[in-house]
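Below you'll find the structure, written out as structure tokens, and then a few comments.
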Amino acid sequence: MEKDYKVELLAPAGSPEGFYGAVHAGADAVYLAGDRFGARAYAENFTDRELTECIRYGHMLGRKIYLTVNTLLKEEEMDGLYAYLVPFYEAGLDAVIVQDLGVLRFVRTYFPGLDIHVSTQMAVTGSGGALLLKKMGVKRIIPARELSLAELCSMKRQTGLEIETFIHGAMCYCYSGQCLFSSILGGRSGNRGRCAQPCRLPYSIGTGRGKECYPLSLKDMCTIDQIPALIQAGIDSFKIEGRMKKPEYAAGVTDVYRRYIDYYYELREKMGVQEADRAYRVKKEDRNCLGSLYIRSGVESGYYFRRNGGEMVTMDSPAYSKTDEALLATIREKHLDAPLKIPVEAAAYFHVGMPARVVLQWGECRCEVTGQEVEPASRQPISADNVRKQLGKLGESCFYAERITVELDGNSFYPLKQINELRREAVAALEQEILSFRGYGVPGKALSAREGTGEPCREEGGREQNLNGEGPGPKETCPQKGFVLSVSSVRQLQTVAEWISCQDAGEAMRFYVDGDLLVKSWAEAKPYCRQLSSRGRIYAALPVILRESDREYLEKLYALAAESGMFSGFLARSMEGAGFLDGKGRAFVCRLDAGIYVWNKWAMAEAASFGDGFCLPWELKASEQKGLPDTLPAEKIVYGRIPMMITANCLFRTGGQCRRKTGDRHITVLKDRLRKEFPVMADCLHCTNVIYNSVPLSLHQELDRWRGRADLRMDFTLETGEEVRAVLDTFFHNAPFPMKEYTTGHERRGVL
């Protein structure tokens with residue numbers, strides 16, 4: 001997929017020094033965070049003043065600046081978002097990177113013209129989710145890191161959106177944004193930039209006393225050898241991970257990738273694509289340089305050319321390799337100690353009886369300022385050397401004087417203070433001229449609360465996409481708050497159907513039936529689904545992760561739901577699932593699962609544009625959940641195994657025992673240092689692993705606080721039929737809870 005422009009090299013900056021180092025090393029763009037709302041809460045980050053100065057400096061040099069606002073925001077935090085963004089927007093910020101649907105809607109409403117990039121934290125895995133986000137005004141997608149190069153090409157081709165992908169740095173084991181491990185175990189949420197990295201701790205696999213290793217710790221990514229293939233794929237931006245790392249890392253890694261990206265384009269210009277691919281080589285010293293800059297033991301090329309594999313994991317140690325101190329010193333001297341300056345030509349004209357003139361020029365950009373008339377000297381005239389000295393004092397600006405020309409009469413007098421003032425005026429004028437030349441005109445103005453109406457955006461072709469919950473699909477109406485039961489096996493479905501048939505019909509009911517169960521075992525499931533349809537509404541639950549390889553599966557499941565006449569809608573567990581249903585014209589009701597995050601009223605309003613109900617998020621405590629408005633039907637999970645991680649890598653395959661040929665679902669356990677066992681389900685049909693919490697969540701003692709506020713949902717995943725029946729008896733008939741241990745999750749503690 002050829003493009004008529006070069007790929008963007010995007011570098012991280014965790015501090016002003018890191019920013020300047022990345023820019024000096026050749027980054028086309030830099031992503032960074034202010035002191036709030038960034039997914040690296042423990043990075044040094046930027047003050048407001050530092051950030052606005054970096055925006056101007058970067059724009060002077062033709063570089064773009066992207067601000068990370070990629071955490072989930074609680075309702076009360078949304079109040080500070082406007083004031084936080086205004087100075088950066090008015091300074092000419094190029095884009096914001098977002099995870100929260102509410103932040104997306106807020107930015108689109110109040111900051112028109114500001115590009116919106118969707119973070120990898122939103123776990124976009126296909127063109128369906130990307131197209132849905134495009135309707136919301138998104139310009140660029142940073143897809144899940146687990147996608148292959150072929151999938152990225154398909155997304156680019158089908159959506160026309162800009163695609164940004166990682167090329168170097170640390171890798172998360174879980175699909176980004178879908179990890180609750182750190183949150184549930186210690187209250188430090190990865191969705192809030194405070195991940196404690198439990199994936200880097202030792203675990204054993206299986207029920208026995210197996211050897212401890214590091215099965216969740218991925219090797220760092222390094223794609224310097226794959227640059228030709230990535231460029232040919234048509235990716236728009238190459239992203240280097242590492243805002244938490246030192247400035248020398250950002251500068252050093254950027255420098256190497258800058259040289260090899262340029263080198264490959266030069267080869268293509270000289271000899272064409274095929275010959276350039278064969279001629280492309282990476283020098284040993286440059287590969288060693290990358291391996292000496294804060295890299296974990298061993299590197300791999302990520303998921304671009306494979307689905308998963310044990311070779312991607314640092315089984316023996318997740319520690320960083322020793323960093324070369326001499327290399328750091330060299331990088332500092334080359335990129336950090338000396339600022340990058342723009343060469344300009346300066347000229348000054350001092351003729352008696354004429355206004356003094358100072359001219360600064362860079363390329364086609366030229367500005368001239370004039371001062372008072374030059375007077376004849378009564379004693380000591382000005383000299384050309386003095387004028388050159390004053391004009392050359394450009395140290396605090398982005399310029400250095402490459403050449404200075406001075407014309408003056410021999411008896412000219414002009415105060416040095418006024419010469420300095422002319423120089424300052426000329427510098428400011430030339431800066432603005434260059435900014436205009438680079439496409440940055442008068443800074444934009446944010447809309448006020450009165451002006452920002454949140455009007456619907458329009459697609460190409462003029463069709464209006466409704467963003468106020470009045471979409472084209474059928475609306476769900478429920479006369480009373482009731483119960484929701486979700487099942488994932490035929491045995492669970494049978495148990496629920498038989499149990500429900502013996503109950504009074506006083507409760508409003510909704511049933512979620514796992515899509516895999518329906519596709520694989522429809523003949524067996526059909527009578528139970530018919531039985532449940534007489535007691536409530538049935539929905540097909542889509543898989544948590546959907547990829548390009550699942551397209552045929554989705555079409556089959558959708559056709560089954562449509563032809564059976566039993567199903568009222570679908571449970572979408574990801575943006576890709578919601579996008580698939582949106583592409584079908586919303587003929588069915590679409591409920592949104594907890595993995596599509598609704599943390600604030602802005603996110604709720606955005607969710608209403610493509611969903612007919614949502615699930616309250618795992619990480620908000622009860623008081624925060626109750627503080628959300630009731631404008632969209634909500635459900636509350638009161639029982640279930642919390643999904644701690646959803647992964648593309650597989651514990652079975654990592655151990656050299658892929659189970660794909662022996663069935664679709666397999667269970668093992670992950671055991672930590674405290675001997676807690678976390679069940680792991682390998683879903684071979686979709687090639688994903690789900691790591692569940694060691695104990696189930698149960699709010700059976702909290703039901704009275706939630707009745708009438710939301711539908712109360714029970715998720716059955718790993719339970720036997722007997723366990724399902726016992727849990728139902730607890731929640732409906734106050735029977736003793738059958739499990740010895742359980743957790744109430746974040747019901748009272750929430751997350752930071």
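Just so you know, these numbers come straight off a predicted model, no measurement behind them. We're numbering straight along the sequence, starting at 1.
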For residues 115-171, the ring pair (Phe, Tyr, Trp, His ring centres under 6.0 Å) pairs (sequence neighbours left out) are Tyr66-His117, His168-Tyr257
Would you check if Val484 and Leu712 make a side-chain contact, meaning some heavy-atom pair closer than 4.5 Å?
-> no
Is the side chain of Asn600 donor-acceptor paired with the backbone N or O of Ala603 at a distance under 3.5 Å, no angle test?
-> yes
Ala11 backbone acceptor or donor facing Lys239 side chain under 3.5 Å = no
Does Gly595 offer a backbone N or O that forms a donor-acceptor pair with the side chain of Asp593 under 3.5 Å?
-> no
Would you please test Asp711 and Arg510 for salt bridge (Lys or Arg N to Asp or Glu O under 4.0 Å) and show each step?
-> CA-CA 9 Å; Asp711 291 323; Arg510 184 164 61 252; 3.1 Å; yes
Would you confirm whether Thr68, through its side chain, and Leu32, through its main-chain N or O, come within 3.5 Å as a donor-acceptor pair?
-> yes
Does Tyr512 have its ring centroid less than 6.0 Å away from the ring centroid of Tyr539?
-> yes
Check the pair Val544, Thr688 against side-chain contact (heavy atoms from CB on, under 4.5 Å), reporting the backbone distance first and the verdict last.
-> CA-CA 9 Å; Val544 178; Thr688 60; over 6 Å; no
Do the side chain of Thr71 and the main chain of Gly193 share a donor and acceptor less than 3.5 angstrom apart?
-> no
For Asp612 and Arg586, what are the C-alpha separation, side-chain angles and deciding distance, and is it a salt bridge (Lys or Arg N to Asp or Glu O under 4.0 Å)?
-> CA-CA 10 Å; Asp612 302 294; Arg586 297 282 302 281; 3.0 Å; yes
Sequence neighbours left out, what pairs pass salt bridge (Lys or Arg N to Asp or Glu O under 4.0 Å) with at least one residue falling in residues 74-84?
-> Lys74-Glu624, Glu77-Arg192
Audit row: Asp236, Lys139, salt bridge (Lys or Arg N to Asp or Glu O under 4.0 Å) steps and yes/no | CA-CA 12 Å; Asp236 297 277; Lys139 182 177 182 180; over 6 Å; no
Heavy-atom nearest pair, Phe588 first then Ala562, reads CZ-CA, 3.7 Å
Begin with the C-alpha distance, continue with both residues' side-chain angles, and end with the deciding distance and a verdict on side-chain hydrogen bond (donor to acceptor under 3.5 Å, both in side chains) for Gln99 and Ser119.
-> CA-CA 5 Å; Gln99 175 191 10; Ser119 171; over 6 Å; no
Give a yes or no on whether the ring-centroid distance for Tyr89 and Tyr110 is below 6.0 angstrom.
-> no
Modelled atom types, side-chain donor and acceptor of Glu151 and Ser148, under 3.5 Å | yes
Between the main-chain N or O of Leu161 and the side-chain N or O of Thr159, is there a donor-acceptor pair closer than 3.5 Å?
-> yes
May I ask you to test the Leu632-Val598 pair for a side-chain heavy-atom distance under 4.5 Å?
-> no
Phe111 vs Phe106 aromatic rings, parallel, tilted or perpendicular, using cut-offs 30° and 60°?
-> tilted
4.5 Å side-chain heavy-atom contact, Leu101 and Ile596 | yes
Between the side chains of Arg145 and Ser176, is a donor N or O closer than 3.5 angstrom to an acceptor N or O?
-> yes
Would you mind reporting whether Met604 and Leu628 have side-chain heavy atoms less than 4.5 Å apart?
-> yes
Is there a donor-acceptor pair closer than 3.5 Å between any side-chain N or O of Glu50 and the backbone N or O of Thr47?
-> yes
Taking every heavy atom of Glu146 against every heavy atom of Tyr303, the minimum-distance pair comes out as O-CB, 3.4 Å
Might you point out which heavy atoms bring Arg713 and Leu571 nearest each other, and give the distance in Å?
-> NH2-CD2, 4.1 Å
May I ask you to decide if Met645's main-chain N or O and Tyr173's side chain share a donor-acceptor pair within less than 3.5 Å?
-> no
When you check the gap from the basic side-chain N to the acidic O, do Arg140 and Asp115 get nearer than 4.0 Å?
-> no
Which is it for Gln625 and Trp706 under the side-chain hydrogen bond (donor to acceptor under 3.5 Å, both in side chains) test, yes or no, and what are the steps along the way?
-> CA-CA 11 Å; Gln625 292 178 351; Trp706 282 101; 5.2 Å; no
Compare every heavy atom of Pro643 with every heavy atom of Val690, then report the nearest pair and how far apart it is.
-> CG1-CB, 4.0 Å
Apply side-chain contact (heavy atoms from CB on, under 4.5 Å) to the pair Val124 and Val118, showing each step before the final yes or no.
-> CA-CA 9 Å; Val124 179; Val118 163; 4.0 Å; yes
Between Phe614 and Trp599, ring centroids under 6.0 Å | no
Can you name the side chain to side chain donor-acceptor pair (under 3.5 Å) partners of Lys584, sequence neighbours left out?
-> Glu555
Between Glu8 and Ser237, is any side-chain donor less than 3.5 angstrom from a side-chain acceptor?
-> yes
Side-chain (Arg63) to main-chain (Ala27) donor-acceptor, under 3.5 angstrom | yes
Measure from the ring center of Phe570 to the ring center of Phe580 and say whether it is less than 6.0 Å.
-> no
Have Thr165 and Tyr304 got a donor and an acceptor in their side chains that come within less than 3.5 Å?
-> yes
Residue pair Tyr440 / Asp94, side-chain donor-acceptor N/O under 3.5 Å = yes
Look only at the side chain of Ser182 and the backbone of Arg188, and say whether a donor-acceptor pair between them is shorter than 3.5 Å.
-> yes
Is it true that Asp630 and Arg709 have a side-chain N and a carboxylate O under 4.0 angstrom from each other?
-> no
Consider only side-chain N and O atoms of Thr125 and Glu576, and report whether a donor and an acceptor are under 3.5 Å apart.
-> no
Which heavy-atom pair separates Thr647 from Cys174 by the least distance, and what is that distance?
-> CG2-CA, 4.1 Å
Does some side-chain heavy atom of Ser609 sit less than 4.5 Å from a side-chain heavy atom of Arg105?
-> no
Side chain to side chain, Arg258 and Asp28, heavy atoms closer than 4.5 Å | yes
Would you say the side chain of Met60 lies within less than 4.5 Å of the side chain of Cys398, judging by non-hydrogen atoms?
-> yes
Walk me through it: do Arg108 and Glu606 pass the test salt bridge (Lys or Arg N to Asp or Glu O under 4.0 Å)?
-> CA-CA 11 Å; Arg108 187 184 68 233; Glu606 198 69 13; 3.0 Å; yes
Heavy atoms of His746 and Gly187 approach each other most closely as CE1-CA, 4.2 Å
